[in-house]
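See structure below.
Quick caveat, the model's predicted, so the values are computed rather than measured. Lettering of chains follows the sequences in order, A, B, ..., and the numbering in each one begins at 1.
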Amino acid sequence: MLSCPQFSITVQPPSSPSPGRATEQQCLNLLHSTSSLPKLLQALAFLLKSGLHSNLLVLTRFAAAAGFLGPVATATAAALLFSPCYSPLHLYDSFLLNTVLQSLSPSPLHPLSLFSLMLRLRLSPNHFTFPFLLKAIAALPSPLPAASLVHASALRFGLVRDSFVQNTLIHAYAAAGGVAALDLARKVFDETPKSSPVTFSAMIGGYILSGRSNDAVALFRQMQLTNIRPDDVTILTILSACVDLGALDLTEWLKSYIERVKIPKSLYLCNALVDALAKCGDVDSAMEVFDEMPERNIVSWTSVIDGLAMHGRGVEAVQVFEDMKNTGVEPDAVAFIGVLKACSHGGLVRDGRRYFNSMTREFEIEPRIEHYGCMVDLFSRAGKVEEAMEFVRAMPIKPNPVIWRTLIAACRVYGRLELGEKVTKQLIKEEPLYGSNYILLSNFYALNRRWEKKWEIRKSMEGQGMRKVPGFSSFELNGEIYEFVAGGEKKKLSQFQEIYEMVEEIAKKLKGAGYMATTSEILLDIDEEDKEDALHWHSEKLAIAFALLKTPPGTKIRIVKNLRVCGDCHSATKFISKVYQREIVVRDRSRFHCFKDGICSCKDFW
DNA sequence: GTAGGGTTAG
């Protein structure tokens, strides 16, 4: 038997039945026209007064109507349906409970409560029950236990081969996230006899939700080998994996696929495409798609603004923001994040300040921590470290670690070592369990040449089993994503020897061209074992070396990184772009860097 | 009466 949380809802008992009773038809008509909670409550009163609360058809219609109106209405319906003072439980059928289940998410009722009621009443769940049930379960905060219980139950009722059940089961496991749940999802997926785009989308979406975009793309490739065609939802889903990975080739393929097989270009799909193109590095193509959209909403505009911002094209982003306002689209909080980011990455301090002030003055949008973060970044990037500090002090909300890290980066770039050290210590006090914070501090020690201090930190981190977030870079070649990690992992790559030699060759050529390692960022206390962590072997350099080897001369190279570009990689890449006559586009944690002829589009502020 | 989906500071 299922165990589950109990629900308790009370309603007033009905007043004595009034003489003039409404007919069933009248009640159904009223429910049919229900479009708001007050109307539903009116219908409820009507229903009670007429003594129709034990009419199964009316109750079912009532539950369905409530489901349209959201959680409060669902709770109201549940109150009537399950209140002890009515309990016409002997009347209930599977259809009614299915209808309630269908309207459950989100709701204060646990789906398993209803399911167990159903079983208690000896009502057989049918092939409608499980999809409804699993959909509601997928919306729970931690769906895994409920999902496996229901999975077992579906098996018992012999309904696990139903494709709707399978798809929702995959979705529910995927929504749970984590290795174990994803394995369970995959198991159901693999056992599905008749897959459809829905099956694939559910599984692909699961990988993406768990941050495994590589697996998502791999599965998408596998799908292409079948005769199941990706549909609009599959495309929308896989596009977010493209964003994650910066997979431009795949994004462009999807764009032409949409045209070729005439996938309906919904607003959502176009928005996702614009966003993916921009975030994968082709903001001009993103703008073309945007220009051709028959209708646009705030998301479409924000995607373009944000895309331009990431490319440092602040002036254009600001122009698009103004165009948006002129078109009559009111900016929202997210659009402001976009335009503030544009100002910060484009060095437009005055505009940024103006937009920030306009949020409250013109649009009555209360700035959130993200907006304050943008302002701190705006001042920091522009080298106005004092102003950034002052801004943080005057903030009405408590600064969070992101804000501190923004300041710390500014202190490092602008050589404010003492201040940087102080702020880093403050950060560590607030976030003592995050390994990378200690690395920040140890870097300040290194910059000050206080090696003992630096080693102390490294040792204590090791003692506590702490690690920094490992840096990695990736490069897309013939639709395949190659990942590079600094240090030990790289040996896994079969072409390692080749890359190793290429890195050496690059180093030689750069030296010849006058490149010197950025000593302020080399933490030169490296001992023998640690050699592989040296700047030479940063994942980004490995990826570039690989790209130079594998692509024809003159073609553009696109690299994606998970961290910010370090100072030395940045200057080395500038040299490489010149020496090898290659345009190199690097997407890092915060923006795009386009290296060409020895110059970077970020103008060395990042 | 049934399934899979979307922009957010570093």
Side-chain angles (χ1 to χ4, degrees), chain A residues 60-61 63-64 67 94-103 126-135 138 159 162-172 174-175 189 192 195-206 208-209 230-240 243 266-276 278-279 297-307 309 332-345 367-378 380-381 400-410 436 563-564 588-591 606:
Chain A
T60 307
R61 183 70 68 80
S94 300
F95 195 110
L96 172 68
L97 285 160
N98 282 348
T99 309
V100 181
L101 267 174
Q102 186 180 14
S103 63
N126 57 24
H127 62 288
F128 291 105
T129 309
F130 285 99
F132 290 146
L133 185 55
L134 286 161
K135 192 177 181 179
L159 289 164
D162 179 275
S163 68
F164 285 88
V165 175
Q166 281 167 334
N167 293 335
T168 40
L169 201 48
I170 293 168
H171 176 63
F189 177 85
T192 302
S195 316
S196 70
V198 182
T199 325
F200 275 94
S201 306
M203 194 62 225
I204 290 172
I208 294 169
L209 219 65
D231 66 7
D232 52 343
V233 178
T234 321
I235 305 282
L236 198 63
T237 309
I238 199 70
L239 275 171
S240 61
V243 170
S266 71
L267 183 59
Y268 288 154
L269 188 68
C270 291
N271 284 347
L273 187 60
V274 170
D275 181 53
K279 291 217 171 85
N297 65 3
I298 184 85
V299 176
S300 338
W301 289 96
T302 306
S303 298
V304 171
I305 294 167
D306 207 56
D332 64 3
V334 183
F336 268 107
I337 291 174
V339 77
L340 291 176
K341 204 158 105 180
C343 294
S344 133
H345 288 269
R368 301 193 307 234
I369 189 81
E370 290 92 336
H371 300 98
Y372 287 101
C374 287
M375 291 306 282
V376 176
D377 194 52
L378 175 79
S380 295
R381 273 178 211 273
N400 64 6
V402 177
I403 304 252
W404 295 126
R405 278 191 278 272
T406 305
L407 278 170
I408 291 165
S436 297
L563 305 175
R564 277 209 204 186
D588 79 358
R589 180 98 246 206
S590 67
R591 60 166 294 152
W606 77 95

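Between N167(A) atom CG and dG4(B) atom P the separation is 8 Å, expressed in whole Å. Counting to the nearest Å, the P atom of dT7(B) and the CD atom of E370(A) are 14 Å from each other. N126(A) has its CG atom 12 Å from the P atom of dT2(B), to the nearest Å. Whole-Å rounding puts the L133(A) CG to dA3(B) C1' distance at 14 Å. Rounded to an integer number of Å, the gap from NZ of K135(A) to P of dT2(B) is 10 Å. Remark: P of dA9(B) and CD1 of I305(A) are 14 Å apart, rounded to the nearest angstrom. Atom-to-atom, CZ of F200(A) to P of dG4(B) comes out at 17 Å; the value is rounded to the nearest Å. For the pair F336(A) CZ and dA9(B) C1', the interatomic distance rounds to 15 Å; values are reported in whole Å.
Side-chain atoms of H127(A) and F164(A), non-hydrogen and from C-beta on, never get closer than 4.5 Å to each other. A heavy-atom distance below 4.5 Å is found between the side chains of H345(A) and S590(A). Side chains of V243(A) and L239(A) form no contact here, defined as non-hydrogen atoms less than 4.5 Å apart. Residues K279(A) and D306(A) are in side-chain contact: their nearest non-hydrogen atoms beyond the backbone lie under 4.5 Å apart.
Residue-level contact check: D377(A) touches the backbone only, with heavy atoms under 4.0 Å from sugar-phosphate atoms and none from bases. Heavy atoms of F95(A) sit under 4.0 angstrom from at least one base atom. No contact: H371(A) has no heavy atom under 4.0 Å from any strand. Heavy atoms of T234(A) sit under 4.0 angstrom from at least one base atom. Residue-level contact check: T302(A) touches the bases, meaning some heavy atom is under 4.0 Å from a base atom. At the heavy-atom level, P197(A) lies under 4.0 Å from base atoms of the strands shown. Residue L239(A) is classed as having no contact, given no heavy-atom separation below 4.0 Å to the nucleic acid.
Nearest to the side-chain atoms of S163(A) among the listed nucleotides dG5(B), dA9(B), dA3(B) stands dA3(B). You'll find that the side chain of S196(A) is closest to dA3(B), out of dT7(B), dA3(B), dG1(B). In the set dG5(B), dT8(B), dG1(B), the nucleotide with an atom closest to the side chain of K279(A) is dT8(B). Listed nucleotides dT8(B), dT2(B), dA3(B) differ in distance to F132(A); the shortest reach to its side chain belongs to dT2(B). With dG5(B), dA3(B), dG4(B) as the choices, the nucleotide that has an atom nearest any side-chain atom of D231(A) turns out to be dG4(B).
The shortest distance between the side-chain N/O atoms of H171(A) and the OP1/OP2 oxygens of dG5(B) is below 4.0 Å.
F189(A) is linked by a ring pair (Phe, Tyr, Trp, His ring centres under 6.0 Å) to F200(A), counting only residues two or more places apart in sequence or in another chain. Every residue meeting the side chain to side chain contact (heavy atoms under 4.5 Å, CB included) condition with T129(A), not counting sequence neighbours, appears here in chain and number order: N98(A), L101(A), F115(A), M118(A), P125(A), N126(A).
Within 3.5 Å, no donor on the side chain of D232(A) pairs with an acceptor on the base of dG5(B), nor the reverse. At a cut-off of 3.5 angstrom, the base of dA9(B) holds at least one donor-acceptor pair with the side chain of N400(A).
The aromatic ring of F164(A) sits over the base of dT2(B), with ring centres less than 5.5 Å apart and planes tilted by under 30°.
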